[in-house]
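The block underneath contains the structure these notes are about, expressed in structure tokens.
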Amino acid sequence: MNHPKAYGTFIKRGENTYRTSAYIQWGSSEQSIGACLLLNPGSADFHKINPDLNVILNTLFRAKGEIMTDPTMKQLILLIEGIYGQLQPIAGRFHIYNLFNLQNPKSIHAIDLFEALVHSGEYDITESLISLNELQTHPWIFTGWGIEQKVSWKNLEKIKDVWLNLIRDSKVPTFGKKHKTYNNYYHPCPLIPTHRSHMLTDLLSLYKQKFSIQRFPTYAARPNLLNEANLLEECDQYQLGWFRSSTNPESILKGFSHLHIKENYKLRAYQYSDGANGNGVVWAIPVNMDLPPANECECLEEHFLIAPKPAFALDDCMQVIDGDKSPLSYLQASVAFHDIHEFGAFWHGTSWGRDVILPINEGENADKYQWKMIEDEPATLEPHFYYSNLGNPTIVFHTINDIGTVTMNRYVHTFSKSDYTLRVERTCIATAGGGIIF
């Protein structure tokens, strides 16, 4: 059995003990499997499991090591095992953070003492905070500091706001059972033992609502807004080689209701033509700059057509694309990514343009291909969204492409937690004989 163990780091100042860090460990991996933000440390300590460390704490005023799990930790263990299941051993660390580090199992008394210590200058309200980088290592954060509230608890409200802003800046997804009226979240371990199983059920349901796979119909991957493609003034006459395109690539983004271009930036493109074939390249540039002629730019040797790049252009135009962070926005961003990277493509320059996102609707001759599977058939054929084990928004869809050999392809789009930049993996999972040649 993979028995979890709890570890903590403690310091002692005067009569008070503070737990400065804690985590629950499964196996030997140090990778985070999640984190929580609770009120303050409870009764978990060294006393029963590691009494020598308790002596060190009382003499040297600092100690760390394995600790006995308290009721809250036991409830958190059940939560993690409910989330990740029993099909394979859990491996990693679940980190426990607190609004304040003062150890006290009685929450109301703990808050009153915390307020007094802050007021007297004996406790720095920011002691419990961690760095943004550390916060971003977690796939998700559970919030559950309790719903007790008093007007006099002003410092508690302050540190709560600081933590919430930090979490908001990290872009790490969160879940918790929120109070209907106040900006508070129920503690995972109710004082009444018979209520704990109901709370666990509620929390697992909230997790599944937030992090389970969300499927989309095929039409959700199409532009859902009408817009007119306006021609640009800073362009060149059509010619062979590279030249400034008269078509505005921003029209791609304007077709998607959940996306927009960040303020102070714009998208512009160069077109390439060798007569019958074409390709393009799109750059994000400051809104007050004009795209220079192609022959005045540095050429990218690694680009297969040695594309021009202005010195002031960003390396990745997805850096300036923003959205509402909804699952649909990530689906739209995935499609926009491919459309942008095939901007200006025609004839032999076309690839993504022949991809048809599955499943094919009835009446579109969906059964005309006889597939030879390279991998197992997808369990979920529809476009779908989920958060990866590391907490990255992820979009998966499957397509048919009939150029050369007819292929069924799986596209996995893994987004950054902080913006809409992404990594794309394309895998051919089946073939169906010869396709079109042009």
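Computed over heavy atoms, backbone and side chain alike; hydrogens, waters and symmetry mates excluded.
Relative ring orientation between Y238 and F243 is described as perpendicular, the plane-to-plane angle rising above 60° on a 0-90° scale split at 30° and 60°. The aromatic rings of W140 and F211 sit tilted relative to each other, their planes meeting at an angle between 30° and 60°. By the 30° and 60° cut-offs, the orientation of the rings of F337 relative to H341 is tilted. Ring-plane geometry between Y23 and Y7 is classed as parallel, the angle between the planes falling under 30 degrees on a 0 to 90 degree scale with a further cut at 60.
When side chains are defined from C-beta on, C36 counts as touching L76, because their heavy atoms get closer than 4.5 Å. By the 4.5 Å heavy-atom criterion applied to side chains, L253 and I321 are counted as neighbours. With contacts defined as side-chain heavy-atom distances shorter than 4.5 Å, the pair I436/V406 does not qualify. Using a 4.5 Å cut-off on side-chain heavy atoms (C-beta onward), V118 and F114 make contact. With contacts defined as side-chain heavy-atom distances shorter than 4.5 Å, the pair W153/E148 qualifies. The shortest distance between side-chain heavy atoms of V396 and R410 falls below 4.5 Å. Between S152 and E115 there is no side-chain heavy-atom pair separated by less than 4.5 Å. Contact annotation: the side chain of W283 never approaches that of L267 to less than 4.5 Å [non-hydrogen atoms, C-beta and beyond].
With F175 as the fixed residue, the ring-ring contact (aromatic ring centres under 6.0 Å, His included) test singles out one of F142, Y387, Y185: F142. Residue D290 is tested with K266, R244, R268 for a salt bridge (charged side-chain N to carboxylate O under 4.0 Å, His left out); the sole match is K266. Across K5, H3, R93, a single residue satisfies side-chain hydrogen bond (donor to acceptor under 3.5 Å, both in side chains) together with Q25, and that is R93.
Counting all heavy atoms, side chain and backbone alike, Y420 lies closest to D324 at OH-N, 3.6 Å. Counting all heavy atoms, side chain and backbone alike, L102 lies closest to P41 at O-CD, 3.4 Å. Smallest separation of non-hydrogen atoms from S329 and L259: O-CD2, 3.6 Å. Nearest heavy atoms, Y186 versus I147: CE2-CD1, 3.4 Å. Of all heavy-atom pairs spanning I33 and Y84, the tightest one is O-OH, 2.5 Å. Here the closest non-hydrogen pair linking F256 and I252 is CD1-O, 3.3 Å.
More than 12 heavy-atom neighbours from other residues, nucleotides or ligands sit within 6.0 angstrom of CG on L240. Environment of NE2 in H119: sparse, with no more than 12 heavy atoms of neighbouring residues, nucleotides or ligands closer than 6.0 Å. Taking a 6.0 Å sphere around CD of E375, one finds it holds more than 12 heavy atoms contributed by other residues, nucleotides or ligands. The local environment of CD in E134 is crowded, with over 12 non-hydrogen atoms from other residues, nucleotides or ligands closer than 6.0 Å. The local environment of NZ in K106 is sparse, with at most 12 non-hydrogen atoms from other residues, nucleotides or ligands closer than 6.0 Å. Atom CG of D376 has 12 or fewer heavy atoms from other residues, nucleotides or ligands within 6.0 Å. Other residues, nucleotides and ligands contribute at most 12 non-hydrogen atoms within 6.0 Å of the CD atom of E263. Applying the 6.0 Å contact sphere to CD of E157 captures more than 12 heavy atoms from other residues, nucleotides or ligands.
Side chains of N184 and K160: a donor-acceptor N/O pair is present below 3.5 angstrom, by distance only. With 3.5 Å as the limit, one finds no donor-acceptor pair spanning the side chains of T407 and T405. Side-chain N/O atoms of N98 and N40 include no donor and acceptor closer than 3.5 Å. Side-chain contact of T414 with N392: a donor-acceptor pair under 3.5 Å is absent, judged by distance alone.
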Does the pair T9 and T20 meet the rule for a side-chain hydrogen bond (donor to acceptor under 3.5 Å, both in side chains), with working shown?
CA-CA 6 Å; T9 301; T20 57; 4.8 Å; no
Chi angles and distances behind the side-chain hydrogen bond (donor to acceptor under 3.5 Å, both in side chains) call for D316, T421
CA-CA 8 Å; D316 184 354; T421 58; 5.3 Å; no
Derivation of the salt bridge (charged side-chain N to carboxylate O under 4.0 Å, His left out) call for D419 and K171
CA-CA 9 Å; D419 57 25; K171 304 297 197 317; over 6 Å; no
K177 vs D202, test: salt bridge (charged side-chain N to carboxylate O under 4.0 Å, His left out). Steps then yes/no.
CA-CA 8 Å; K177 185 176 180 180; D202 288 346; 2.9 Å; yes
Is there a ring pair (Phe, Tyr, Trp, His ring centres under 6.0 Å) between Y330 and H258? Walk through the geometry before answering.
CA-CA 9 Å; Y330 288 106; H258 291 256; over 10 Å; no
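Remark: the backbone N or O of D161 is paired with a side-chain donor or acceptor of N165 at under 3.5 angstrom. K150 places no side-chain N or O within donor-acceptor distance of the main-chain N or O of I108, the cut-off being under 3.5 Å. When atom types are taken as modelled, the side chain of T218 and the backbone of P359 share a donor-acceptor pair closer than 3.5 angstrom. The backbone N or O of T174 lies less than 3.5 Å from a partner atom in the side chain of K210, making a donor-acceptor pair. Using a distance-only test at 3.5 Å, with no hydrogens or angles considered, no donor-acceptor pair links the side chain of T399 to the main chain of F397. The backbone N or O of W242 lies less than 3.5 Å from no partner atom in the side chain of Q271, so there is not a single donor-acceptor pair. E81 places no side-chain N or O within 3.5 Å of a backbone atom of L78 that could act as its donor or acceptor partner. A donor-acceptor pair under 3.5 Å is absent between the side-chain atoms of T350 and the main chain of G353, judged by distance alone. Side-chain atoms of R196 do not come within 3.5 Å of backbone N or O of C189 as any donor-acceptor pair. Between the side chain of D70 and the backbone N or O of M73, at least one donor-acceptor pair lies under 3.5 Å.
Remark: D402 engages R354 in a salt bridge, criterion side-chain N to carboxylate O under 4.0 Å. Salt bridge E298/K309: absent, no basic N to carboxylate O contact under 4.0 Å.
Annotation: the span from F100 atom CZ to L156 atom CG amounts to 6.5 Å, rounded to 0.5 Å. A distance of 11.0 Å separates OG1 of T126 from CH2 of W163, quoted to the nearest 0.5 Å. The distance from atom CD1 of I213 to atom NE2 of H384, rounded to the nearest 0.5 Å, is 5.0 Å. Rounded to the nearest 0.5 angstrom, I357 CD1 and H338 NE2 are separated by 8.0 Å. Note that the CD1 atom of I261 and the CG atom of D322 stand 11.0 Å from one another [nearest 0.5 Å]. Remark: I400 CD1 to N409 CG distance equals 9.0 Å, nearest 0.5 Å.
Between Y123 and Y18, the ring center distance clears the sub-6.0 Å criterion.
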